[in-house]
Trainee: 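A single structure is presented below for examination.
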Amino acid sequence: MGIGLALGVRPLVTVAPPASSATRLTAAILTSLAFGALAWRFGHQFDLLPYSVLAAIGVALGVIDVLEQRLPSVLIYSGVALVGVLLATSAILHSRGPDFLRALVGMAVITVFYLALALISGGGLGAGDVKLGGLLGLALGWLGWSALVTATILGWFAAALVWLLLRATRRRPRGSLVPMGPFLLFGALLTITVVPT
């Protein structure tokens, strides 16, 4: 199933410029690790599908953000559509309408929250981060409010820690920004696979 998802998402990743062999290998390893962790977490449950799609698209987004400091809208919107349809299907098949409604509310809440932060920070948080927040809010809201809050805190804490380490070692100039996408995705995937919900 993981191979099928990877092949299905691969055409979406063509929005990125040609990557080096090392970058492709890193992305493949990260995707495999994410698929393995999700399979361990969900087993044969239907929820494995939407979260595997999230992992595949998330790895692509994280790699692009690290290399180019951008989060392609086509990947994020594709993620919202695919994950949303799969979660809606799960809600219908397993009578989980309230969970799907919570997922939609979670998407709206995080999007509005990140949009407010972007406006306040004056560019510290980009439009791509706001859109990514909506995708993650959808996926995490399905699991519950505690998952949504935990993942958000973990992502921001990891970003702050790395920023402080880079500043302490003088590897990042004053005023430079750390791409938030990989940290938001890290917090989400860690919460989904490890943190009890």
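One is the number of the first residue; the rest follow in order along the sequence. No experiment lies behind these values; they were computed from the predicted model shown.
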Trainee: On a heavy-atom basis, which atom in Ala159 and which in Met180 lie closest, and how many Å separate them?
Mentor: CB-SD, 3.6 Å

Trainee: Kindly assign one of parallel, tilted or perpendicular to the pair His94 and Phe46, based on the angle between their ring planes and the thresholds 30° and 60°.
Mentor: tilted

Trainee: If you take all heavy atoms of Leu61 and Pro72, which pair is closest and at what distance?
Mentor: CD2-CD, 3.9 Å

Trainee: Please tell me if the side chains of Leu54 and Leu136 come closer than 4.5 Å, counting only heavy atoms from C-beta onward.
Mentor: yes

Trainee: Given 3.5 Å as the limit, does a donor-acceptor pair link the side chain of Arg96 with the main chain of Ser90, or not?
Mentor: no

Trainee: Between CD1 of Ile110 and CG of Leu115, what distance do you get to the nearest 0.5 Å?
Mentor: 12.5 Å

Trainee: Considering all heavy atoms of both residues, which atom of Asp65 and which atom of Asp129 are nearest to each other, and what is their separation?
Mentor: OD2-OD1, 4.4 Å

Trainee: To the nearest 0.5 Å, tell me how far Phe157 CZ sits from Phe186 CZ.
Mentor: 10.0 Å

Trainee: Evaluate Leu38 against Ile192 for side chain to side chain contact (heavy atoms under 4.5 Å, CB included), listing each step before the verdict.
Mentor: CA-CA 8 Å; Leu38 290 168; Ile192 291 167; 3.7 Å; yes

Trainee: How long is the span from the CG atom in Leu185 to the CG atom in Leu190, to the nearest 0.5 Å?
Mentor: 12.0 Å

Trainee: Say whether Phe183 and Leu164 are linked into one hydrophobic cluster, either directly or through other cluster members, by side-chain heavy-atom distances under 4.5 angstrom.
Mentor: yes

Trainee: Determine whether Leu148 and Arg102 satisfy the following criterion, side chain to side chain contact (heavy atoms under 4.5 Å, CB included), listing intermediate values before the conclusion.
Mentor: CA-CA 11 Å; Leu148 184 62; Arg102 186 178 59 239; over 6 Å; no

Trainee: Should Ile29 and Leu67 be regarded as members of a common hydrophobic cluster, given that ILVMFWY residues are connected when their side-chain heavy atoms come within less than 4.5 Å of each other, either directly or indirectly?
Mentor: no

Trainee: Can you measure from CG (Leu101) to CH2 (Trp142) and round to the nearest 0.5 angstrom?
Mentor: 11.0 Å

Trainee: So with a 6.0 Å cut-off around CZ of Phe42, is the heavy-atom count from everything else above 12?
Mentor: yes

Trainee: First locate atom OH of Tyr51, then atom CG of Leu143, and finally report the distance between them rounded to the nearest 0.5 Å.
Mentor: 3.5 Å

Trainee: If you round to the nearest 0.5 Å, how far is CG of Leu184 from CG of Leu189?
Mentor: 11.0 Å

Trainee: Are Tyr77 and Val59 connected into the same hydrophobic cluster when the rule is that any two of I, L, V, M, F, W, Y join if their side-chain heavy atoms are below 4.5 Å apart?
Mentor: no

Trainee: So which of Val74, Ile76, Leu75 actually passes side-chain contact (heavy atoms from CB on, under 4.5 Å) with Ser78?
Mentor: Val74

Trainee: One pair to check against side chain to side chain contact (heavy atoms under 4.5 Å, CB included): Leu135 and Leu132. What are the steps and the verdict?
Mentor: CA-CA 5 Å; Leu135 170 59; Leu132 176 61; 4.3 Å; yes

Trainee: Linking I/L/V/M/F/W/Y whenever any side-chain heavy atoms sit under 4.5 Å apart, do Leu104 and Leu93 land together?
Mentor: yes

Trainee: Looking only at heavy atoms, which two atoms of Ala56 and Phe35 are closest? And how far apart?
Mentor: CB-CZ, 4.0 Å

Trainee: Which atom pair, heavy atoms only, marks the closest approach of Val63 to Ala27?
Mentor: CG2-CB, 4.2 Å

Trainee: If you look at every heavy atom in Ala151 and Leu140, which pair is closest and at what distance?
Mentor: CB-CD1, 3.4 Å

Trainee: Between Leu33 and Leu25, is there shared hydrophobic-cluster membership here, with clusters defined by ILVMFWY side-chain heavy atoms closer than 4.5 Å?
Mentor: yes

